[in-house]
Peer 1: 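Mind having a look at this structure? Questions to follow.
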Protein chains: 2
Amino acid sequence: MQIKNSKKRKEVIIGPALAVDTLIFTIREGALSVLLIQISTGPYGGKWALPGGIVPINETLDEAAKKVLAKKAGIAGVHMEQLYSFSALNRDVRGRTVSVAYFALVDSDKFTPKTISYYADIKWQDVFALPTMAFDHKEIVNYGVARLRAKIEYSNIVYGLLPKEFTLTEMQSVYEAIIGHAIDKRNFRKKILSLDILVETNKERTGSKSRPAKLYRFKKRQLVFTN
Amino acid sequence: MQIKNSKKRKEVIIGPALAVDTLIFTIREGALSVLLIQISTGPYGGKWALPGGIVPINETLDEAAKKVLAKKAGIAGVHMEQLYSFSALNRDVRGRTVSVAYFALVDSDKFTPKTISYYADIKWQDVFALPTMAFDHKEIVNYGVARLRAKIEYSNIVYGLLPKEFTLTEMQSVYEAIIGHAIDKRNFRKKILSLDILVETNKERTGSKSRPAKLYRFKKRQLVFTN
DNA sequence: GCAAAAGTGTTGAGTGTACACCCATGC
DNA sequence: GCATGGGTGTACACTCAACACTTTTGC
C-alpha cells in the first residue's frame with residue numbers, strides 16, 4: 001500500500017500495542033485458583049501477573065492466546081474463550097498496550113506449573129486472596145470470575161475443571177468453589193442429572209474409608225448450553 | 001524506552017492495527033435494524049460496513065468507539081458496550097487489523113443518519129436482510145444480535161431503544177422485533193410490571209383511533225439486571 | 001459397631017404458559 | 001354502532017428451595 005498524501009499518512013501512525021493475557025482457572029485444594037507468574041525485572045519486577053504476550057502480526061487472538069498457554073504455562077488442549085479487551089491508557093507504564101483477555105479451564109491434576117527462565121516464579125493462587133498484581137490484572141481476574149460464575153449456571157463449562165471421570169460430590173465441590181457457598185446435595189444432584197449432560201459409568205471411586213461413589217462422565221467435553 | 005539488544009528489539013515489531021467497529025441498533029418500522037455505511041473507494045468500494053475507525057494511541061477502546069459514534073453517525077449519549085474482538089487474519093485485505101466491536105442502542109426517532117463526505121451512503125438496515133458486507137461485518141452483526149437477544153431477558157437494556165415515555169404495547173413490539181416472534185400480551189405485561197423497572201406516568205398516548213394507552217418511563221435509564 | 005461420605009423424596013412457594021373477553025376511543 | 005387497539009385473570013405445569021435419614025464401606 002503506497003502512501004501518497006498526508007491524509008493517508010495519518011493512517012500509518014503506530015497505534016497501541018496489542019497483547020493477550022490468559023486467565024487460567026483451576027480448582028486446587030477446593031479453591032478456585034488462577035495461574036500467576038512473577039515478573040523478574042523492570043518496573044513491575046517482583047509483582048505477580050497473568051501469563052501474556054504480544055500478538056504477532058500473523059496470528060489471530062485465539063492463536064496468540066493458545067500459544068501463551070502452551071509456551072508460558074505448558075498447557076494445551078483445554079477449553080479457552082475470549083473474555084474482554086482492556087485498554088486503560090495507563091494500564092502498562094512501559095507503553096500503551098491494549099490487552100485481550102482470555103480464560104481457560106484446566107484440571108490441576110493434569111498440569112503442574114513450571115517456572116520458565118524469564119519469570120521469577122509461577123504458582124496457583126486462590127482468586128479470593130490475590131497478591132498485589134501488575135497492570136490491571138486484578139480487574140481481569142475479577143471480571144473472569146464473574147463470567148465463570150454466570151456461565152456455570154447455563155452451560156456444562158465445568159467439564160474443563162474436572163477429570164474425565166468424577167463423582168457428583170466432586171462436581172458439587174467445583175460449583176461450590178466457584179460460587180463461594182454451599183449447595184444442598186439433593187437439589188444439586190436432581191438438577192444436574194435432569195440436565196442430561198452426564199452419563200453414568202459403571203465404575204466407582206473406591207479407596208476412601210467410606211462408601212464408594214459412582215463415577216460419571218460428561219456426554220460432551222465441549223461447551224453445551226443447558227437452557 | 002531504549003532498545004538495547006536484539007532480544008528487546010523484537011518487541012517493537014509492529015503488530016496488527018487496532019480498530020473499533022460499532023454496531024448501532026435501532027427499531028425502525030417494527031424491525032431490528034443496524035446503521036450501515038457504504039464504502040466509497042478501494043477494494044471494498046460499494047460494499048456496506050459498520051461505522052468504524054482506527055484506535056488512536058491516546059484513547060481507550062471505549063473512547064474510540066464513542067468518537068466513531070459521534071463523528072461517523074452523529075450519535076451521542078446512548079447506551080454502548082463492548083461486544084467482542086475479531087481478529088481473523090484475512091478480515092481486511094488492505095492489511096492486518098484486529099477490530100474490537102461495540103454495540104449501541106438508539107431511538108431512531110432521535111437520530112437521522114447523515115451521509116458524511118467520505119462514505120458513499122448511510123442507512124438503517126433490517127438485521128434479517130443484510131446486504132453483502134465488507135470484512136467480517138455480517139458475523140459481527142449476528143454476534144451482536146445474539147448478545148442483544150440474551151441481554152433483554154435479564155436486564156432493562158431495551159431502554160436504549162425506546163423514547164423517554166412509551167406504552168407497554170410499544171415496549172412489547174421492541175421485544176418482539178428482537179426475538180423475532182410474537183409474545184402473549186397478558187404474560188408480557190405481568191412479567192415486565194413485576195420486574196419493578198418501570199414507573200407509570202399519568203399521561204396517555206392519545207391521537208390514535210382507539211383507546212388511549214398509559215405511558216410508562218424506566219425507573220433508571222442505565223443498565224440494570226433483573227434477576 | 002462406629003465413623004465417614006454416598007445416596008435418596010416430599011412438600012410448599014413461586015414462576016411461566018396458555019388462553020378469551022370487555023373497555024375506551026375515533027369516526 | 002363498529003373498528004381499533006388497550007387492558008385484564010385464572011388454572012395448570014413446572015421449577016426451585018428447604019429439609020433428614022438410610023446405605024455402604026473401612027477400620
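Model, not experiment: these values are computed from the prediction. Within every chain, numbering begins at 1; the chains are lettered A, B, ... in the order of the sequence lines, protein sequences first and strands thereafter.
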Peer 1: For K191(A) and dC16(D), is the shortest distance between a side-chain N/O and OP1 or OP2 below 4.0 Å?
Peer 2: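 Yes, within the criterion.
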Peer 1: K185(B) NZ to dT4(D) P: how many Å, rounded?
Peer 2: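 Rounding to the nearest Å, NZ of K185(B) and P of dT4(D) are 14 Å apart.
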Peer 1: Which class fits the ring pair F135(A) and Y44(A): parallel under 30°, tilted 30 to 60°, perpendicular over 60°?
Peer 2: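 Plane angle between 30° and 60°, so tilted.
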Peer 1: Given atom CD of E170(A) and atom P of dG7(C), what is their separation to the nearest angstrom?
Peer 2: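 Interatomic distance, CD of E170(A) to P of dG7(C): 11 Å.
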Peer 1: Could you check how far NZ of K190(B) sits from C1' of dA18(C), rounded to whole Å?
Peer 2: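 The distance from NZ of K190(B) to C1' of dA18(C) comes to 9 Å, rounded to the nearest Å.
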Peer 1: When the distance from CD1 of I192(B) to P of dG7(D) is rounded to whole Å, what number comes out?
Peer 2: 15 Å
Peer 1: Using whole Å, what does the distance between atom C1' of nucleotide dG7(D) and atom CZ of R205(B) come to?
Peer 2: 16 Å
Peer 1: When you measure from the side chain of Q125(A) to the backbone N and O of A129(A), does any donor-acceptor pair fall under 3.5 Å?
Peer 2: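 Yes, Q125(A) side chain to A129(A) backbone: donor-acceptor pair under 3.5 Å.
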Peer 1: Answer yes or no: does a side-chain N or O of R186(B) lie under 4.0 Å from OP1 or OP2 of dC19(C)?
Peer 2: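 Negative; the distance criterion is not met.
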Peer 1: Can you check whether T169(B) has a side-chain N or O nearer than 4.0 Å to OP1 or OP2 of dG5(D)?
Peer 2: no
Peer 1: Which comes earlier along DNA chain C counting from the 5' end, the contact point of R211(B) or that of S194(B), where each point is its nearest nucleotide?
Peer 2: S194(B)
Peer 1: More than 12 foreign heavy atoms under 6.0 Å from NZ of K72(A): is that the case here?
Peer 2: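 For K72(A), atom NZ is crowded (more than 12 foreign heavy atoms under 6.0 Å).
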Peer 1: Roughly how many Å is it from CE in M171(A) to C1' in dA5(C), rounded to a whole number?
Peer 2: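 Answer to the nearest Å: 19 Å.
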Peer 1: What residue among R205(B), K164(B), K214(B) forms salt bridge (charged side-chain N to carboxylate O under 4.0 Å, His left out) with E170(B)?
Peer 2: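 Of the listed residues R205(B), K164(B), K214(B), the salt bridge (charged side-chain N to carboxylate O under 4.0 Å, His left out) partner of E170(B) is R205(B).
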Peer 1: Determine: side-chain N/O of S208(A) to OP1/OP2 of dA5(C), distance under 4.0 Å, yes or no.
Peer 2: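 So the side chain of S208(A) is outside the cut-off, no N or O lying under 4.0 Å from OP1 or OP2 of dA5(C).
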Peer 1: Measure the distance from CG on N187(B) to P on dT15(C) and round it to the nearest whole Å.
Peer 2: 14 Å
Peer 1: Can you tell me how far C1' of dA17(D) sits from CZ of R189(A), to the nearest Å?
Peer 2: 17 Å
